Structures are given as structure tokens and as C-alpha cells.
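Remember, it's a predicted structure, so these values are computed and weren't measured experimentally. The analysis underlying the following values was restricted to heavy atoms, covering all of them including side chains, and did not include hydrogens, waters or symmetry mates.
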Amino acid sequence: MATDYYAVLGVSRDASQEEIKKAFRRLARELHPDVNPDPKTQERFKEINTAYEVLSDPQKKQMYDLGGDPVGGAGGAGAGGFGPGFGSFSDIMDAFFGTAAQRGPKSRTRRGQDAMIRLEVELSEAAFGTTKEIQVDTAVVCKTCNGEGAAPGTSVQTCDMCRGRGEVSQVTRSFLGQVMTSRPCPQCQGFGTIVPSPCPECAGDGRVRARRNLNVKIPAGVDSGTRIQLAGEGEVGPGGGPPGDLYVEIREKPHEMFQRRGDDLHCTVTLPMTAAALGTKVPLETLDGTEEIDIRPGTQSGQSIPLRGRGVTHLRGNGRGDLVVHVEVQTPSKLDPEQEELLRRLAELRGEERPAGQFQPGQQGLFSRLKDAFNGR
């Protein structure tokens, strides 16, 4: 042979395809006409493209190694353009832009998409955890064709237009010479195969929609917005491909008594002023059952009583939050004559007939009183 294609690319005769490709990229960056317009360089650029066309194609490479001429004598150093059958334009693009077009047929089997549903839970279920049954409408493998997409008794066939390659090629002329470009086969859409008789159940998609029941374990301590991942329980992919994941997003229902703040629970108990002054015990239905709240004598409105470890279980870690009971003292708005006389007598005994009062800067609202109560003021 007049031209040693291995020498042109600067590789040994036992070089791997990866080594040949790397050598071509390096030389293409250096010798491309847009980079080096010298005529001698352009001739050299044509040589490396012809060499790569031969050595990157297993059939042409085998013919060349056996002493044959895979380019029919028209692709040597003196040939115009890149030689007939040039099929490495995407490799030139890869050499300059770092990416290459995907080659070969696409797979009909692809991973399915993830799915998400929302699940409402009670406060007690979120606090202690539970197991819930849910209904999911997702794509599942078609049982009629087992995901292949072909009707029973038939099979997928190789596309006769692209012969299973998934792409067709077209030769055009440009300022660089003859260039072969490839595009997805219009008959098989790039899959390399066709389904002559699609499955009547799934219309050739290999999957159908179905409703199924799942048991979901809700861990203790979840809150609104928490997402639980169920691997492999999402949508089955086209062609019966592997399923995606299912995400269950928690929505906690409002409670009639408790307000949740993180892992702590808050509620308010309203007491008459006599009970707050004398002290009392008030039953409270907590998440753990009925407990008596000890109201000490002299309790003021805005004070809080914490019940340690009666809140929500920590999602990450041990223990639980607290249950905080806020006290609101109610002053009577209407008194009968006897009650009014008793209160006046009490005021006399305490020397409070004409109290001077205690003034503070600004107006202390509920949140300020709560802040002071937590700070022990």
C-alpha cells in the first residue's frame, strides 16, 4: 500500500480503537483548515481523515490489514475532500467541542419516571408512626406482551431501511469536501427495530396503567412536607423498562387542640381568676392519655406549663418534644351584687381599693408575655 494509515495517525499497528481515536482528535485540532489554513496542512488534514475512516471501521481496518484497498483508491493522500464514504464528521466535532453524537440504535427499554402522591395523616400518627395502605395509579408491565410491545405470536423485527443501525447516512459536499452525516432512521425512529403488529393491550408501549395497593410505613416524627421514598414503586419504563421510584409526601391534618411547632406541641387553657389565684388541677387529654395539669396558686395570665417528653417523637434522634400549656386567666365581666360585695371586701383586705398600677414602656402583647414567661421574668 502506498499510504501507511497507522503512520499517518502516529500509532502502532496493534493500537486499540481508543488510542486511534485519541490520535485522530489530537491531529484534527492541530491541522484543521480553520486553525491552520496552509495548503500543505490541508493535504495533511485530508490524510488523517482518510486514515481514521479506515482504521475506525472494523471491516475496513480488517481489509486494510489484509492488504486490500478499503477506499477504492479514491481516498489516498491526493484524493479530493475526505474521500468517499467519509463517516467521521461527528468525531471532528468531538475533537473541537468535546462531544460526540450518539451512535447505534436506541434501546426500546428505558427507565420509568418517578411518581409522587400526597398522604394525609393525623397528629398522633405523625407523632408515633404508623403503617398506611395507599392506592397508586401508575404504569405497570403489560401482561399480554410482557413488555415487548408485540402482539402475541409476533415479534419485533429488524428495520429494513437502516438494517438495525437506527440511523441512515447521507453524503453531501461542503467546503471541506464530501461529508457523510447521519440522522435517526425515519422508519424505526432510531430504534433499529420495528413492531409490525403492536400489542392490542398496550399499543406497543409495553406498559399499561393500573391501580394497585401499597403499604407505606410512616416513621415517627414526620411533618408536613416530609417525603418517603419507595424505591422501584414508580412508573414502569417504556418497553417494560425498570420502574422509577415513588415518593409519598406527608400532609399533617390540623388538630382540634394542639398546634405543632417543630417537635413541640402547644395548647391554651382558660381559667377563671379565682382558680388562678387559689390554684387547681385541670385534666388534659394528651397524645399519651389524660393527665392533670397542676395550676399553682397565683398563676398569671400568659404563663406556660411545660410537660416534658409529651410532644412529637424526634424523626432523627431519640426522645420527644415537649407539650407546652399556656395559661389564660379570664376576668368576669358581670357580677351579681353579692359577688361584687365579696370582691370589694377582698380589695379592702388587700389594700387594693385604689391601686396605682404598674406601668411599663410600650404595650406588652401576648408574644411578649410568652417570651418573658420562657425567660423566667
(request) Flag yes if more than 12 heavy atoms outside Arg296 fall under 6.0 Å of its CZ atom; otherwise flag no. (result) no

(message) Under a 4.0 Å threshold between the charged nitrogen and the carboxylate oxygen, would Arg227 count as salt-bridged to Glu249?
(response) yes

(request) Before accepting this row, confirm whether a basic side-chain N of the pair Asp263/Arg316 lies closer than 4.0 Å to the acidic partner's carboxylate O. (result) no

(message) Side chains of Val248 and Leu214, heavy atoms from C-beta outward: is any pair under 4.5 Å?
(response) no

(request) Give me the other members of the hydrophobic cluster that Val141 sits in, counting Ile, Leu, Val, Met, Phe, Trp and Tyr linked by side-chain heavy atoms under 4.5 Å, directly or via other members. (result) Val236

(message) Could you tell me if Arg212 and Thr138 have a donor-acceptor pair between their side chains, going purely by distance under 3.5 Å?
(response) yes

(message) Any carboxylate oxygen within less than 4.0 angstrom of a Lys/Arg side-chain nitrogen, looking at Lys46 and Glu43?
(response) yes

Which donor-acceptor pairs under 3.5 Å do the side chains of residues 327-339 make with protein atoms, sequence neighbours left out?
{"from": "Asp336", "atom 1": "OD1", "to": "Glu338", "atom 2": "N", "distance (Å)": "3.2"}
{"from": "Asp336", "atom 1": "OD1", "to": "Gln339", "atom 2": "N", "distance (Å)": "2.7"}
{"from": "Gln339", "atom 1": "OE1", "to": "Asp336", "atom 2": "N", "distance (Å)": "3.3"}

(request) Ignoring hydrogens and angles, tell me if any N or O in the side chain of Gln113 forms a donor-acceptor pair with the backbone of Glu235 under 3.5 Å. (result) no

(message) Is it the case that the side chain of Asp114 and the backbone of Asp245 share a donor-acceptor pair, with hydrogens and angles ignored and the cut-off at 3.5 Å?
(response) yes

(message) Looking at Lys132 and Glu125, is there a salt bridge between them, counting it only when a charged N and a carboxylate O are closer than 4.0 Å?
(response) yes

(request) Please work out which of the three classes, parallel, tilted or perpendicular, describes the rings of Tyr6 and Tyr64, given edges at 30° and 60°. (result) tilted

